[in-house]
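Worksheet: one structure, shown below.
Numbers restart at 1 for each chain; the letters A, B, ... are given by sequence-line order, proteins then strands.
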Amino acid sequence: MSSILSREFYARTALEVAPDLLGCLLVRELDGERLVGRIVETEAYYGEEDAASHAFRGPTERNRAMFGPAGHAYIYLIYGMYYCLNVVTGEEGRGEAVLIRALEPLQGIEMMKQRRGRDKVRELTNGPAKLCQALGIDRRLYGHDLTLGRVLWIESGPRPHEPILTGPRVGVRGDEHARNAAWRFYLQHNPFVSPAR
DNA sequence: GTCAAGATTAGT
DNA sequence: CTAATCTTGACG
């Protein structure tokens, strides 16, 4: 039994949504196939007060989705070649989002292998840019409404058996608080969590 | 208009 | 450790 996550689910703070997304299923419909991964790692970005967030300096053309209603996709291009997927959370205008950092591939693994150009299931979706490549997520899905249940959405899943661990976010800049806050959430011992830095 | 930096990844 | 690759936003 699983259901599409609602606007109300996403409308809570990023700090609440990020851990709750662990164990949920990210679903992508692509070329008539369904690609599914279990979310095993997330990071919360907590609005304009978060020095590590793209929302830190207020709304811009790039981050405008972050300041829109919850439950939409905020996608950005990094290093000129990779995309990363966030889900917008919190009250409209807050600029909060949760970065999806890693998935455990469940369905459509062959297509993921082909899209990623590699064979090891372990390396298919164990990073924010890797999972976007595996699931065919790019600019075209910028601002996509994840509550519609088509093209790209998230469903509830079985409660994770693994304990949830927290720690500092990966690769972020900013003030001391931004760098130290334990706003990364992941499932203990799960082999699909992104490699340690 | 110019320019440096980037919530990463793969390869040496 | 470093190259790859290009958009964004800060600055003037």
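Of the residues in residues 173-192 of chain A, none lies under 4.0 Å from DNA chain C by heavy-atom distance.
What separates CG of L77(A) from P of dA4(C) is a distance of 17 Å, to the nearest Å. As a whole-Å value, the separation of R169(A) CZ from dG6(B) P is 15 Å. In this structure, E43(A) atom CD and dT8(B) atom C1' are separated by 12 Å, rounded to whole Å. dA7(B) atom P lies 17 Å from atom CD1 of I100(A), rounded to whole Å. The nearest whole Å value for the distance from the OH atom in Y83(A) to the C1' atom in dC6(C) is 10 Å. The distance from atom CD of Q133(A) to atom C1' of dT9(B) is 9 Å, rounded to the nearest whole Å. The nearest whole Å value for the distance from the CZ atom in R62(A) to the P atom in dG6(B) is 11 Å.
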Using residues 2-11 of chain A as the side-chain source, report each donor-acceptor pair under 3.5 Å to any protein atom, sequence neighbours left out, with the distance given to one decimal.
| residue | atom | partner | partner atom | Å |
| --- | --- | --- | --- | --- |
| S2(A) | OG | E155(A) | OE1 | 2.7 |
| S6(A) | OG | E8(A) | N | 3.4 |
| S6(A) | OG | E8(A) | OE1 | 3.3 |
| S6(A) | OG | F9(A) | N | 3.2 |
| R7(A) | NH1 | A70(A) | O | 3.0 |
| R7(A) | NH1 | D145(A) | OD1 | 3.2 |
| R7(A) | NH2 | D145(A) | OD1 | 3.4 |
| R7(A) | NH2 | D145(A) | OD2 | 2.9 |
| R7(A) | NH2 | T147(A) | OG1 | 3.1 |

Distance-only criterion, 3.5 Å: show the donor-acceptor pairs between side-chain atoms of residues 170-181 of chain A and protein atoms not counting sequence neighbours.
| residue | atom | partner | partner atom | Å |
| --- | --- | --- | --- | --- |
| D175(A) | OD1 | H177(A) | N | 3.3 |
| D175(A) | OD1 | A178(A) | N | 2.8 |
| R179(A) | NH1 | G174(A) | O | 2.5 |
| N180(A) | ND2 | E176(A) | O | 3.2 |

Name each donor-acceptor pair under 3.5 Å that joins a side chain in residues 103-110 of chain A to protein atoms two or more places apart or in another chain, with its distance.
| residue | atom | partner | partner atom | Å |
| --- | --- | --- | --- | --- |
| E104(A) | OE1 | R38(A) | NH1 | 3.0 |
| E104(A) | OE1 | N190(A) | ND2 | 3.1 |
| E110(A) | OE2 | K113(A) | NZ | 3.4 |

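Residues R150(A) and E29(A) are not paired through a salt bridge, judged by the lack of any N-O separation under 4.0 Å between the basic side chain and the carboxylate.
Using a distance-only test at 3.5 Å, with no hydrogens or angles considered, a donor-acceptor pair links the side chain of R115(A) to the main chain of Q133(A). Under a 3.5 Å cut-off, the side chain of R116(A) and the backbone N or O of L124(A) do form a donor-acceptor pair. Side-chain N or O atoms of H72(A) include none that pairs as donor or acceptor with a backbone N or O of V88(A) at under 3.5 Å.
No hydrogens or angles were tested; on distance alone, nothing pairs the side chain of Y79(A) with the base of dA5(B) as donor and acceptor under 3.5 Å.
Between M66(A) and H54(A), the closest heavy-atom pair is SD-CB, 4.0 Å.
Grouped with L15(A) in one hydrophobic cluster are Y46(A), W183(A), the linkage being side-chain heavy-atom contacts under 4.5 Å among Ile, Leu, Val, Met, Phe, Trp and Tyr residues.
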5'-to-3' dot-bracket of DNA chain C (Watson-Crick, G-U; under 3.5 angstrom; crossing pairs as [ ]; | other strand): ||||.||||||.

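Counting non-hydrogen atoms under 4.0 angstrom, A129(A) reaches the backbone sugars and phosphates but no base.
The nearest heavy atom of DNA chain B to L99(A) and to K130(A) marks one nucleotide each, and the one closer to the 5' end goes with L99(A).
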